[in-house]
K.L.:
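One structure is given below, represented as structure tokens, and several questions about it will come after.
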Amino acid sequence: MLTAGLAAILLVIVGETALWSATAQRTAPAASVTADSLPNDASAPAQITIPAPIQTAVPLAAPAEPAPAAPAGFNKAARSIDDPTSIWFVVNKTRPIPDAANYEPPDLVPLRSDIPNPNGFPLRQEAADALATMVDAAAAETGQQLVAQSGYRSYGIQVNAYNRYVNQLGTAGADLTSARPGFSEHQTGMAIDLLATGSGCSLDGPCFGDTTAGQWLAANAYRFGFLLSYPADKTAVTGYEYEPWHFRYIGVDLSNEMHNEGVTTLEEFFGLPAAPGYLD
């Protein structure tokens, strides 16, 4: 049994311990705990740190691919149709060569020496080169030798040619088969009248169009940059009767485009008025 003095000492010790514990709880910093460190006693107060939500990056949609550009159409303004030095120059009964009496095209050259050329007429360089390629192709594909009956004709030569037709056929008849001076494709240096050795045809009537060479040219001249200037069904547009021998150099790009579109005259392709007759 405790004495009164010892009991008093024990009471003092217990009281001081309790006071120290309470003070420590008020001043100690709160502990940061996780779920694994929580006490078994669920009623015990605890300060829990909750992790911040994870930010998931959402990829941006890729920009839409631009639509492919539409193929560019044929540029009808790529070359002049009004400049007589242009291979697209359009000359007809309403579109004369400017200053025709004094005009001579540039870069006229003789035809290749192995191409029959009974009248010795030249062509412009580009047309002469294309003609040589076409002559070789005709020989390889048909066995036919093309003959250059007429190429560049000066204003003076055209005066004589037209007057000869007038004397034979009268003015109305001449105008259907021969251009008046200053209105001829031949003066541009880009037109050629073609026949074939042994064809028996002349530069008159439809004869040449019925030959092997004439039919081959009608079907294939576009491959080499040439156009049959005066088709049988286009007299109302061109003002000339069918001339199966008369071809005009216009370049491969234009000749192929016209072939692909099925257009057979420069007037129709470029949207020009028909030229069935002269304005005077």
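Numbers for residues simply follow the sequence, beginning at 1.
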K.L.:
Once rounded to the nearest 0.5 Å, what's the spacing between atom CD of Q145 and atom CD1 of I115?
P.N.:
8.0 Å
K.L.:
Can you tell whether the side chains of D280 and R180 come within less than 4.0 Å, N to carboxylate O?
P.N.:
yes
K.L.:
Looking at every non-hydrogen atom in both residues, tell me the closest pair between E241 and T235 and how far apart they are.
P.N.:
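It is CA-OG1, 3.8 Å.
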K.L.:
Could you check, using the six-membered ring where one of them is a Trp, whether F74 and F269 have ring centers closer than 6.0 angstrom?
P.N.:
yes
K.L.:
May I ask you to check whether Y249 and F226 place their ring centers less than 6.0 Å from one another?
P.N.:
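Ring centroids of Y249 and F226 are less than 6.0 Å from each other.
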K.L.:
According to ring-ring contact (aromatic ring centres under 6.0 Å, His included), does anything in residues 181-200 pair up with another residue at least two apart or in another chain? List the pairs.
P.N.:
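Only F183-Y278, H186-H246 qualify under ring-ring contact (aromatic ring centres under 6.0 Å, His included).
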K.L.:
Check whether NZ of the Lys or CZ of the Arg K93 lies under 6.0 Å from the centre of the six-membered ring of Y240 and within 45 degrees of that ring's axis.
P.N.:
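Yes, K93 and Y240 form such a contact.
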K.L.:
Under a 3.5 Å distance rule, please check whether S178 uses its side chain to pair with a backbone N or O of A174 as donor and acceptor.
P.N.:
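Not a single qualifying donor-acceptor pair exists.
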K.L.:
Between R223 and E141 (salt bridge meaning N to carboxylate O under 4.0 Å), is one present in this structure?
P.N.:
yes
K.L.:
Give me the other members of the hydrophobic cluster that I97 sits in, counting Ile, Leu, Val, Met, Phe, Trp and Tyr linked by side-chain heavy atoms under 4.5 Å, directly or via other members.
P.N.:
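Hydrophobic cluster check, I97: joined to F89, V91, Y103.
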K.L.:
Considering only heavy atoms from C-beta outward, does the side chain of T188 approach that of P105 to under 4.5 Å?
P.N.:
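With C-beta onward as the side chain, the pair stays apart.
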K.L.:
Any salt bridge linking K76 with E257? Criterion: basic side-chain nitrogen under 4.0 Å from a carboxylate oxygen.
P.N.:
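Result for this pair is no, no salt bridge flagged.
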K.L.:
So, for D210 and Q215, which heavy atoms are closest and what is the spacing to 0.1 Å?
P.N.:
O-NE2, 3.6 Å
